[in-house]
Amino acid sequence: MLVKVLYFAQLADFAGKSEEQIEVTEKSPASLYADLRATYNFPHEFKQLQVAINHELSAHETPLEEGDEIAFLPPMTGG
Amino acid sequence: MLVKVLYFAQLADFAGKSEEQIEVTEKSPASLYADLRATYNFPHEFKQLQVAINHELSAHETPLEEGDEIAFLPPMTGG
Amino acid sequence: MNFLLMEQPIDPTALRAKMLSPRAGAYCSYEGWVRDHNEGKEVAELHYSSYDQLAPSVASQILSEAKERFSVDAAIVHRTGPLQVGDIAVWVGVTAHHRGDTFLACRYIIDNVKFRLPIWKKEIYTDNSEAWIENNHCGCADPANLQIPHKHEC
Amino acid sequence: MNFLLMEQPIDPTALRAKMLSPRAGAYCSYEGWVRDHNEGKEVAELHYSSYDQLAPSVASQILSEAKERFSVDAAIVHRTGPLQVGDIAVWVGVTAHHRGDTFLACRYIIDNVKFRLPIWKKEIYTDNSEAWIENNHCGCADPANLQIPHKHEC
């Protein structure tokens, strides 16, 4: 199924893009992140990141659905 | 000896003036305040007030000197 | 001297501008505003009277304590005379490298201003009655206690 | 909605004016300023990027928590994009009846903004190098922990 991945901050720099469509076979965000990390050399462990699905913070184990927009968020540094 | 007494807030209202010269025979601020309280019906006990002599906060038992300016300060309520 | 008593309205924009520094990362300010009510009575205006020859040295002492304890720059401005609802009665501004110090110092300063600065507030109500405000802190007057308004009991 | 992400400079005078209320007696504001240095390096500019579709709901949640805990009115404005030294990165304003609540709420809000609002800061140094800032809080990402930034350990 197809999902959209959004990249922010360091992850956007490493990926060289701010979003992309990805064809996934597993519903697990952890599995998707592992694939992306292998591709882009992301520095973060999965557990260091928050997960947002369709613009809402979501549990790490939330199963992905067709058409979801998912973002892996590095620790926030605003303020 | 002569001292100048400064009145602020409620004490100025009760005394009907902001300052006056007083001839004192005892050097004790407590004694002076007791006299003034009897004259003007000040509502405060001496221990409720701070004492300033020559524009510096002073201990309650500081002996008065000729020409001193003394103020008895009600609890402060600025801010 | 980072302290001023003034009869004119306090301008927080101008006061803030004086605090700017490229080395400061955090700015905390506090303002006391004249409310339209107090303890169930409708307030028409306030009148602050001050002991002008004593207030600067007390303010300077409070600011020195705050700078020493929290490594901040800080300033205090207090209004005197008649004030209307919505007017700023007191302004405190604090800058520091980091935010924690600004909050602690700003709170320390305003608490001590209320407790130690020789200024008194009279409230005039909409029914034309008036009253000198009783403070919420205790009336004990030993200067040794006055450094720590939250910790002493009388 | 008392939250705004903006690319234009933050105007604290205009933001303060929106907080005015005749029922409020206390106003506390906090500003984060871009410093000219950080951890020994000279900062030329900052760049904040944000997750614009997520930030408003997080800010709204933080403000709701503060209002519920401290009985305040409050607002948050955060800058995005490139910032110069001296610019305001974030502004928080809080009003309440009494001062204690304004300090506690303002501190609560800025702490949670730094910890929970989806915004990231890149520093660009005077030698043209740059770095995404590592936060000082820990990197554990369980949302259940994020409510109390000062109390959890990882």
Side-chain angles (χ1 to χ4, degrees), chain B residues 2-22 28-37 40-65 67-79, chain C residues 5 30-34 38 46-59 61-62 76-80 83 88-92 107 109-123 130-147 149 154:
Chain B
L2 209 59
V3 300
K4 185 195 275 187
V5 184
L6 311 178
Y7 300 111
F8 296 98
Q10 298 102 310
L11 272 58
D13 279 1
F14 276 82
K17 61 190 79 168
S18 62
E19 62 178 63
E20 67 183 321
Q21 303 282 343
I22 300 270
S28 147
S31 166
L32 171 56
Y33 183 73
D35 290 347
L36 296 169
R37 192 180 187 198
Y40 296 123
N41 277 314
F42 291 150
H44 303 90
E45 305 282 338
F46 180 61
K47 67 179 170 53
Q48 291 178 284
L49 305 169
Q50 289 187 68
V51 173
I53 298 175
N54 300 327
H55 315 314
E56 290 188 3
L57 292 176
S58 304
H60 278 123
E61 61 276 14
T62 309
L64 293 171
E65 305 286 346
D68 276 351
E69 297 189 37
I70 184 167
F72 302 98
L73 309 177
M76 289 131 184
T77 54
Chain C
L5 286 175
Y30 175 82
E31 299 175 18
W33 294 347
V34 179
N38 191 28
L46 294 191
H47 194 286
Y48 284 94
S49 61
S50 55
Y51 184 172
D52 293 355
Q53 301 101 321
L54 176 61
S57 63
V58 174
Q61 178 65 30
I62 293 169
I76 303 166
V77 178
H78 205 297
R79 185 90 178 273
T80 60
L83 276 75
I88 303 173
V90 60
W91 175 92
V92 177
R107 180 76 198 259
I109 291 167
I110 187 63
D111 285 355
N112 280 273
V113 161
K114 287 172 176 270
F115 200 69
R116 294 161 62 187
L117 204 61
I119 296 180
W120 298 271
K121 173 166 57 179
K122 179 189 274 187
E123 286 183 347
E130 56 181 51
W132 290 99
I133 295 309
E134 303 285 321
N135 59 10
N136 293 322
H137 41 263
C138 75
C140 66
D142 177 354
N145 284 337
L146 297 181
Q147 313 275 334
C154 299

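Numbered from 1 within each chain, the chains take letters A, B, ... in sequence-line order. In this text the structure is predicted, and so the values were computed from the model without any measurement.
- With hydrogens and angles disregarded, a donor-acceptor distance shorter than 3.5 Å links the side chain of C/Tyr48 to the backbone of B/Gly79.
- The two residues C/Glu134 and B/Thr77 make their nearest non-hydrogen contact at C-CG2, 4.2 Å.
- Using a 4.5 Å heavy-atom cutoff, the side chains of C/Arg116 and B/Leu57 are not in contact.
- Proximity to chain B (any heavy atom under 4.5 Å) is shown, for C/Lys121, by both the backbone and the side chain.
- For B/Ala12, no part lies near chain C; criterion is any non-hydrogen pair under 4.5 Å.
- Here the CG atom belonging to C/Leu54 is positioned 6.5 Å from the CE atom belonging to B/Met76, to the nearest 0.5 angstrom.
- Both the backbone and the side chain of C/Tyr51 come within contact range of chain B, judged by heavy atoms closer than 4.5 Å.
- Applying the side chain to side chain donor-acceptor pair (under 3.5 Å) test to C/Asp52 and every residue at least two apart in sequence or in another chain returns C/Ser50.
- A distance-only check finds no donor-acceptor pair linking the side chain of C/Trp120 to the backbone of B/Phe8 [under 3.5 Å].
- For B/Glu56, the part lying near chain C is the backbone, with the side chain staying farther off; criterion is any non-hydrogen pair under 4.5 Å.
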